[in-house]
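FYI, side chains are in, hydrogens and waters are out, and symmetry mates aren't considered; it's all heavy atoms of this structure.
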Amino acid sequence: MLNQIDEISGIGLHLDLVLRKIQDAYLKKFDELGVDLTIEQWVILHRISELGRTASQREIVRTNFRNRATTSRVIGKLESKGWISKTRFDGDQKRYKLELTRKGKKIIKLVLPHAINLRKLAVKNLDSEEFEIFLKVLDQIGYNYYSEQQ
């Protein structure tokens with residue numbers, strides 16, 4: 001048991017260091033592109049782009065794995081930058097519809113190719129089997145923490 005503890009004692013630190021390297025790479029690229037953008041803003045902006053006409057604040061909250069207040073703050077910031085508009089769906093006054101503005105579409109067009117390249121960099125020198133195992137391990141770690149809290 002002690003040997004196993006020694007092997008896993010740095011797992012949190014290791015995950016944190018890797019995550020910081022990924023975040024730093026994205027932030028550096030945003031800076032190089034001259035775009036005032038955080039990673040959370042990029043994730044939500046890109047998700048709105050992916051969802052297209054069906055993008056709603058409720059869906060973004062559901063799929064963003066952040067609480068409603070944090071997501072709402074980020075959406076407000078994107079709106080204040082003029083990158084998205086927030087209106088109500090026709091016939092559904094309970095849901096907010098989120099749409100990219102012209103400025104927002106330009107940001108997507110500028111940043112997306114670089115984001116794709118950064119994603120490719122993440123899996124460089126990994127074959128598909130190694131990547132599948134990596135995802136399976138991450139999912140299991142996440143599940144372990146989730147199931148422990150239930």
For this session: Locate the shortest heavy-atom distance separating Lys86 from Leu98; write the atom from each residue and the value.
Result: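 For Lys86 and Leu98, the tightest heavy-atom pair comes out as CG-CD2, 3.8 Å.
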Exercise. Which heavy atom of Phe89 sits nearest a heavy atom of Thr54, and at what distance?
Worked result: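 Here Phe89 and Thr54 meet closest at CZ-O, 4.0 Å.
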As an exercise, state the distance from [atom1] of [X] to [atom2] of [Y], rounded to the nearest 0.5 Å.
X: Leu37; Y: Lys81; atom1: CG; atom2: NZ; answer: 6.0 Å
X: Arg53; Y: Lys97; atom1: CZ; atom2: NZ; answer: 8.0 Å
X: Ile39; Y: Gln23; atom1: CD1; atom2: CD; answer: 4.5 Å
X: Lys21; Y: Leu17; atom1: NZ; atom2: CG; answer: 6.5 Å
X: Lys103; Y: Ser85; atom1: NZ; atom2: OG; answer: 13.0 Å
X: Gln41; Y: Ile84; atom1: CD; atom2: CD1; answer: 10.0 Å

Taking [X] for the side chain and [Y] for the main chain, is one N or O donor matched with an acceptor at less than 3.5 Å?
X: Ser80; Y: Lys77; result: yes
X: Thr101; Y: Gly82; result: yes
X: Ser56; Y: Tyr96; result: no

Problem set entry | Sub-4.5 Å side-chain heavy-atom contact between Lys105 and Arg102 |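 No. Closest side-chain heavy atoms not under 4.5 Å.
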Exercise. Side chains of Glu59 and Arg95: does their closest heavy-atom pair fall under 4.5 Å?
Worked result: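 SC-SC contact between Glu59 and Arg95 ruled out.
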For this session: Could you name each residue pair satisfying salt bridge (Lys or Arg N to Asp or Glu O under 4.0 Å) that touches residues 66-76, not counting sequence neighbours?
Result: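 Salt bridge (Lys or Arg N to Asp or Glu O under 4.0 Å) check on residues 66-76 returns Glu40-Arg66.
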Exercise. Under 4.5 Å between side-chain heavy atoms, hopping through other hydrophobics if needed: is there a path connecting Leu100 to Leu51?
Worked result: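 They do share one cluster, since a chain of ILVMFWY contacts under 4.5 Å joins Leu100 to Leu51.
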Exercise. Leu19 and Tyr145: same hydrophobic cluster, using ILVMFWY side-chain contacts below 4.5 Å?
Worked result: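 In one cluster: no.
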Got a list of side-chain donor-acceptor pairs under 3.5 Å for residues 119-131, not counting sequence neighbours?
from	atom 1	to	atom 2	distance (Å)
Asp127	OD1	Glu129	N	3.0
Asp127	OD1	Glu130	N	2.8
Glu130	OE1	Asp127	N	2.9

For this session: Not counting sequence neighbours, which residues clear ring pair (Phe, Tyr, Trp, His ring centres under 6.0 Å) with His46? List them please.
Result: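 For His46 the ring pair (Phe, Tyr, Trp, His ring centres under 6.0 Å) partners, ignoring immediate neighbours, are Trp42.
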Pairs under 3.5 angstrom only: tabulate donor-acceptor contacts from the side chains of residues 26-35 to other protein residues two or more places apart or in another chain.
from	atom 1	to	atom 2	distance (Å)
Lys29	NZ	Glu32	OE1	2.9

Contacts table for residues 134-143: side-chain donor-acceptor under 3.5 angstrom, sequence neighbours left out:
from	atom 1	to	atom 2	distance (Å)
Gln140	NE2	Asn144	OD1	2.6

Donor-acceptor pairs are to be reported for all side-chain atoms of residues 109-117 against protein atoms at under 3.5 Å, with residues two or more places apart or in another chain.
from	atom 1	to	atom 2	distance (Å)
Asn117	ND2	Pro113	O	3.4

